[in-house]
Amino acid sequence: MSTTAPTPTPTSPSTPGPAPGAAPATPVPGPGARRLLAALPDAVRKLDPRVMARTPVMFVVLVGSVLTTVLALRDPADPFGWAITVWLWLTTLFANLAEAVAEGRGKARADTLRRARTGTVARRLTPAGTEERVPGTGLRVGDRVVCEAGDVIPGDGDVVEGVASVDESAVTGESAPVIRESGGDRSAVTGGTKVLSDRIVVTITARPGETFVDRMIRLVEGADRQKTPNEIALTILLASLTLVFLLAVVTLKPFAIHAGADGQTSLVVLTALLVCLIPTTIGALLSAIGIAGMDRLVRRNVLARSGRAVEAAGDVSTLLLDKTGTITLGDRQAVAFLPVRGTAEAELAEAAQLSSLADETPEGRSIVALAHGTYRVSARHRDELPRATWIAFSARTRMSGVDTGGRRIRKGAAGSVLAWVEEHGGTVPGDARELTDRIAAVGGTPLLVAVEEAGGARVLGVIHLKDVVKEGMRARFGELRRMGIRTVMITGDNPLTAKAIAEEAGVDDYLAEATPEDKLALIKREQAGGRLVAMTGDGTNDAPALAQADVGVAMNTGTTAAKEAGNMVDLDSDPTKLIEIVEIGKQLLITRGALTTFSLANDVAKYFAVIPALFAAAYPSLDRLNVMGLASPESAILSAVVFNALIIPALVPLALRGVRHRAAGADALLRRNLGLYGLGGLIAPFIGIKLIDLLLSRLPGIG
Ligand SMILES: Nc1ncnc2c1ncn2[C@@H]1O[C@H](COP(=O)(O)OP(=O)(O)OP(=O)(O)O)[C@@H](O)[C@H]1O
Ligand SMILES: [K+]
Ligand SMILES: [Mg+2]
């Protein structure tokens with residue numbers, strides 16, 4: 001992980017982090033009776049017709065329950081009517097219970113997060129530069145606050161001054177401290193986390209009540225949950241099927257009367273038949289499946305802002321990653337100054353230091369440290385040069401530097417600095433290329449240093465910035481390949497460095513010298529080909545691309561801009577987390593597909609129980625359909641209703657856990673699961689209904 005301080009052993013990227021705030025020793029309670037019981041009050045509350053109306057299938061069951069209740073009250077001596085009534089109410093309740101249990105997990109997590117939000121006192125800087133103490137809730141966007149060792153950071157913001165190690169475990173559950181610093185791609189801090197060492201100044205970027213933790217709480221509680229386009233489509237399909245069955249059952253009514261059943265019984269029976277035929281199983285489990293998918297992500301320390309992004313992850317075919325900080329540790333440190341022939345090492349080191357005095361990026365700071373520490377250049381401070389013009393680094397110019405005392409010094413990407421030298425009438429020494437290529441070939445980033453003074457412009461030499469590929473990348477990218485996902489590294493760095501890192505990390509392809517616009521264009525091009533694109537990044541220059549991608553995963557270590565732009569944030573800042581995200585997305589799609597198939601197949605079997613029972617008296621030949629040999633018409637119908645109700649809680653664990661699958665193409669998985677769950681759905685009711693019938697036929701009044 002890019003942010004883990006060296007002292008404690010960092011967790012390997014493949015280990016999912018513990019749940020936010022979860023005590024590591026306590027086992028997570030299973031889907032036991034306790035959880036069901038805890039969810040019961042919520043399930044009852046969800047009987048509100050306005051809530052039920054969001055799931056048309058279950059709304060029909062609710063109406064059916066009310067109807068049979070009225071009928072049972074009119075004929076209180078009929079045990080059959082009461083039995084059907086009770087089981088229809090249970091069907092409705094079980095559906096609500098499924099959703100309530102799924103939501104229950106998030107509620108527990110929200111409670112632990114709320115504790116991270118307890119009131120803090122902020123040390124706000126006044127315009128005069130003094131400190132004043134204000135409550136954390138009184139902060140406004142743009143306020144600057146000071147945080148020192150031991151302080152809890154009072155709100156979300158960006159570090160504008162200093163470096164500090166921060167304990168973010170209150171939010172991420174990860175106990176290893178992380179580095180937060182101004183200038184680079186690791187500048188964002190989260191309110192509620194704790195500074196462990198040093199002093200930083202933070203500019204507040206979020207209003208109280210709209211912080212990251214606030215949003216996280218709303219998210220895990222499902223308060224902002226909206227149906228995804230896929231869920232809406234499936235809900236419409238289920239509603240249409242329900243309507244078709246409703247019409248079919250209504251047209252059965254004259255036949256039923258003709259068959260000799262008296263009007264009242266036939267109404268109960270027809271209601272029972274309708275509930276058996278409509279897709280209640282999937283109707284009951286649909287929202288629980290979606291909630292469980294989001295929850296699985298949260299447990300892997302990924303926050304998804306929309307269910308739609310989770311679904312898209314299941315279909316992603318291209319993954320774009322930025323290099324620095326995502327594939328590499330991102331702590332680009334200067335390790336050597338290499339002068340061109342005819343230039344003294346000391347002159348290069350001095351110029352490199354001077355050009356970096358105001359460069360707040362990690363690269364800039366490391367250059368100053370190297371010049372002073374290893375090359376013995378005497379220490380300077382920017383305040384000694386009040387008349388200097390400092391040129392800040394930007395991803396577009398790829399250069400930074402200073403104009404001072406008649407000298408202009410620039411350092412930056414080779415292409416940019418060479419262009420600058422030529423523009424100012426200088427010539428490029430023959431060995432400049434040689435030096436940059438030598439650094440790039442080993443995966444380092446060369447920064448060319450050049451100066452322009454009275455004598456003209458010239459290249460002084462090269463700074464070697466070293467970066468390290470994160471551990472285990474190659475194996476994880478191999479895994480993505482097996483899932484059918486192409487990985488492309490995009491970097492602002494030069495093609496040679498990009499090639500070296502791409503080969504070492506094992507990505508399929510790379511794009512070098514990419515500007516933010518290039519990154520965006522690449523995503524649009526992939527999408528135009530009908531592919532769903534995921535992007536992981538951390539920098540402000542990644543933000544447009546993160547926003548455009550179907551799945552934009554921002555590293556938690558990254559800048560606020562990146563985190564705002566993406567639709568997911570990985571609290572562990574592990575770029576290969578996408579493997580898990582894709583798996584969870586696939587699992588969500590497959591689970592929904594499998595349970596829909598099961599549900600539809602499952603209803604077919606109930607024809608064989610209910611239809612023969614309904615018409616047994618009038619059309620004895622229909623008894624051939626009674627393949628299950630059910631005891632009596634009443635017992636057959638009740639058995640079907642009971643099975644229809646019980647299958648819901650029986651499938652809740654599967655809906656919450658998700659259907660297991662291996663790394664394979666989505667099509668193959670889908671086909672396999674359709675076969676399995678279609679067949680299972682067809683067979684299960686025959687066995688289940690027969691067993692229930694055997695039990696029921698022993699009860700008085702039914703058998
Ligand atoms: N502080 C700096 N001063 C001058 N030049 C720099 C500085 N930092 C980086 N560069 C140069 O600018 C190039 C682009 O840097 P930048 O950080 O924008 O890349 P990036 O697009 O974020 O890369 P990646 O996508 O790999 O994270 C670098 O390859 C380097 O040559
Ligand atoms: K059903
Ligand atoms: Mg970057």
Side-chain angles (χ1 to χ4, degrees), residues 2 57-58 60-61 64 91 95 183-185 238 241-242 245 272-284 320-328 330 332 334 352 355-356 358-368 391-401 410-417 436 439-440 444-449 462-463 465 467 489-498 501-502 510-516 518-519 535-542 545 555 558-559 562 575 598-606 610 640-641 643-645 647-648 681 685:
S2 60
V57 185
M58 295 319 296
V60 169
V61 182
T91 310
D185 286 348
L238 297 181
L241 275 174
T242 305
F245 283 121
L273 175 64
L274 177 64
V275 170
C276 284
L277 295 184
I278 62 178
T280 45
T281 315
I282 185 62
L320 309 180
L321 310 103
D322 92 326
K323 172 178 77 75
T324 314
T326 303
I327 291 180
T328 66
R332 277 193 292 213
S355 71
S356 305
D359 186 350
E360 276 287 323
T361 65
E363 291 86 349
R365 275 201 299 268
S366 76
I367 291 169
V368 174
I391 317 289
F393 168 72
S394 92
R396 205 150 303 151
T397 62
R398 296 201 185 107
M399 285 197 302
S400 57
R410 292 293 179 274
K411 67 169 200 288
S416 310
V417 174
T436 55
I439 294 166
T445 298
L447 288 190
L448 221 51
V449 183
V462 187
I463 305 168
L465 295 179
D467 203 351
M489 181 184 91
I490 34 178
T491 173
D493 232 325
N494 70 84
L496 261 184
T497 306
I501 297 286
Y510 66 88
L511 177 71
E513 283 173 352
T515 60
D518 293 337
K519 296 184 183 189
M535 156 97 194
T536 13
D538 63 342
T540 302
N541 57 350
D542 299 321
M555 306 285 98
T559 58
F598 186 92
S599 179
L600 297 180
N602 186 15
D603 292 337
V604 170
K606 290 165 204 157
V610 181
V641 171
F643 178 84
N644 190 60
I647 195 72
I648 297 169

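Atoms within a ligand are numbered from 1 in the order they appear, just like the ligands themselves. This one's a predicted model, so the numbers in the text were calculated from it and none came from an experiment. Heads up: numbering here begins at 1 and tracks the sequence.
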Asks: Is it the case that Thr280 and Asn644 place a side-chain donor and acceptor less than 3.5 Å from each other?
Replies: yes

Asks: Is Leu320 close to Lys519 at the side-chain level, that is, under 4.5 Å between some pair of heavy atoms?
Replies: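 A side-chain contact under 4.5 Å is absent here.
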
Asks: Indicate yes or no: does an N/O atom of Asn541 lie under 3.5 Å from an N/O atom of ligand 1?
Replies: yes

Asks: May I ask you to identify, for Lys519, whether its side chain, its backbone, both or neither come under 4.0 Å of ligand 1 on a heavy-atom basis?
Replies: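 Only the side chain of Lys519 comes within reach of ligand 1.
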
Asks: Taking C-beta and beyond as the side chain, do Lys411 and Ile367 meet within less than 4.5 Å on heavy atoms?
Replies: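 With C-beta onward as the side chain, the pair touches.
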
Asks: Hey, could you give me the NZ/OG1 distance between Lys323 and Thr497, rounded to the nearest 0.5 Å?
Replies: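 Atom-to-atom, Lys323:NZ and Thr497:OG1 are 6.5 Å apart.
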
Asks: Between the K ion (ligand 2) and Thr280, is there an N, O or S atom separated by less than 3.4 Å?
Replies: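 Of the N, O and S atoms in Thr280, at least one lies under 3.4 Å from the K ion (ligand 2), which means yes.
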
Asks: Using a strict cut-off of 4.0 Å, indicate which atoms of ligand 1 neighbour a heavy atom of Gly412.
Replies: 4 (C), 5 (N)

Asks: Going by the order shown, which atoms of ligand 1 are within less than 4.0 Å of some heavy atom of Thr324?
Replies: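 Close to Thr324: 23 (O), 24 (P), 26 (O), 27 (O).
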
Asks: Could you tell me whether the K ion (ligand 2) has an N, O or S atom of Pro279 under 3.4 Å away?
Replies: no

Asks: Numbering the atoms of ligand 1 from 1, which are under 4.0 Å from a heavy atom of Asp322?
Replies: 24 (P), 25 (O), 27 (O)

Asks: Decide whether an N or O pair under 3.5 Å exists between Asp542 and ligand 1.
Replies: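 In fact, backbone or side chain, Asp542 has no N or O that close.
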
Asks: Can you list the ligand 1 atoms lying under 4.0 Å from a non-hydrogen atom of Ala395?
Replies: 18 (O)

Asks: Which bit of Ile490 is near ligand 1, meaning a heavy atom under 4.0 Å away: side chain, backbone, both or neither?
Replies: backbone

Asks: Does a side-chain heavy-atom distance below 4.5 Å link Asp493 with Ile501?
Replies: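 Counting from C-beta outward, Asp493 and Ile501 never come under 4.5 Å.
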
Asks: Under 4.0 Å from a heavy atom of Asp493: which atoms of ligand 1 are those, numbered in the order shown and with their elements?
Replies: 29 (O)

Asks: Is there an N/O/S atom in Asn644 that lies less than 3.4 Å from the K ion (ligand 2)?
Replies: yes

Asks: Considering only heavy atoms from C-beta outward, does the side chain of Val60 approach that of Ile278 to under 4.5 Å?
Replies: yes

Asks: Can you give me the closest heavy-atom contact between Val57 and Pro279, atom names plus distance?
Replies: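 Nearest heavy atoms, Val57 then Pro279: CG1-O, 3.5 Å.
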
Asks: Less than 4.5 Å apart, any side-chain heavy atom of Glu513 and any of Asn494?
Replies: yes

Asks: May I have the angle between Asp603 OD1 and Val275 O with its vertex at the K ion (ligand 2), rounded to 10°?
Replies: 140°

Asks: Looking only at heavy atoms, is any part of Arg332 under 4.0 Å from ligand 1, and if so is it the side chain, the backbone, or both, or is it neither?
Replies: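 The answer is the side chain.
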
Asks: Quick one: look at Asp359 and ligand 1, take heavy-atom pairs under 4.0 Å, and tell me if it's side chain, backbone, both or neither.
Replies: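 The answer is the side chain of Asp359.
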
Asks: Side chains of Asn602 and Ser599 only: does a donor on one sit below 3.5 Å from an acceptor on the other?
Replies: no

Asks: Mind running side chain to side chain contact (heavy atoms under 4.5 Å, CB included) on Arg365 and Asp359 for me, showing each step along the way?
Replies: CA-CA 7 Å; Arg365 275 201 299 268; Asp359 186 350; over 6 Å; no

Asks: Any N/O/S atom of Leu277 sitting less than 3.4 Å from the K ion (ligand 2), backbone or side chain?
Replies: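 For Leu277, the answer is no, given that no N, O or S atom comes within less than 3.4 Å of the K ion (ligand 2).
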
Asks: Compare all side-chain heavy atoms of Asp467 with those of Thr324 and state whether any distance is below 4.5 angstrom.
Replies: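 In contact.
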
Asks: Within ligand 1, which atoms have a heavy atom of Leu447 less than 4.0 Å away?
Replies: 5 (N), 6 (C), 10 (N), 11 (C), 30 (C), 31 (O)

Asks: Just so I know, are the side chains of Asn541 and Arg396 near enough to count as touching, which here means a heavy-atom distance under 4.5 Å?
Replies: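 When only atoms from C-beta onward are counted, Arg396 and Asn541 do not touch, as no gap falls below 4.5 Å.
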
Asks: Between O of Ile278 and O of Cys276, what angle is found at the K ion (ligand 2), rounded to 10 degrees?
Replies: 100°

Asks: Of all the atoms in ligand 1, which lie at a distance below 4.0 Å from a heavy atom belonging to Lys323?
Replies: 24 (P), 25 (O), 26 (O)

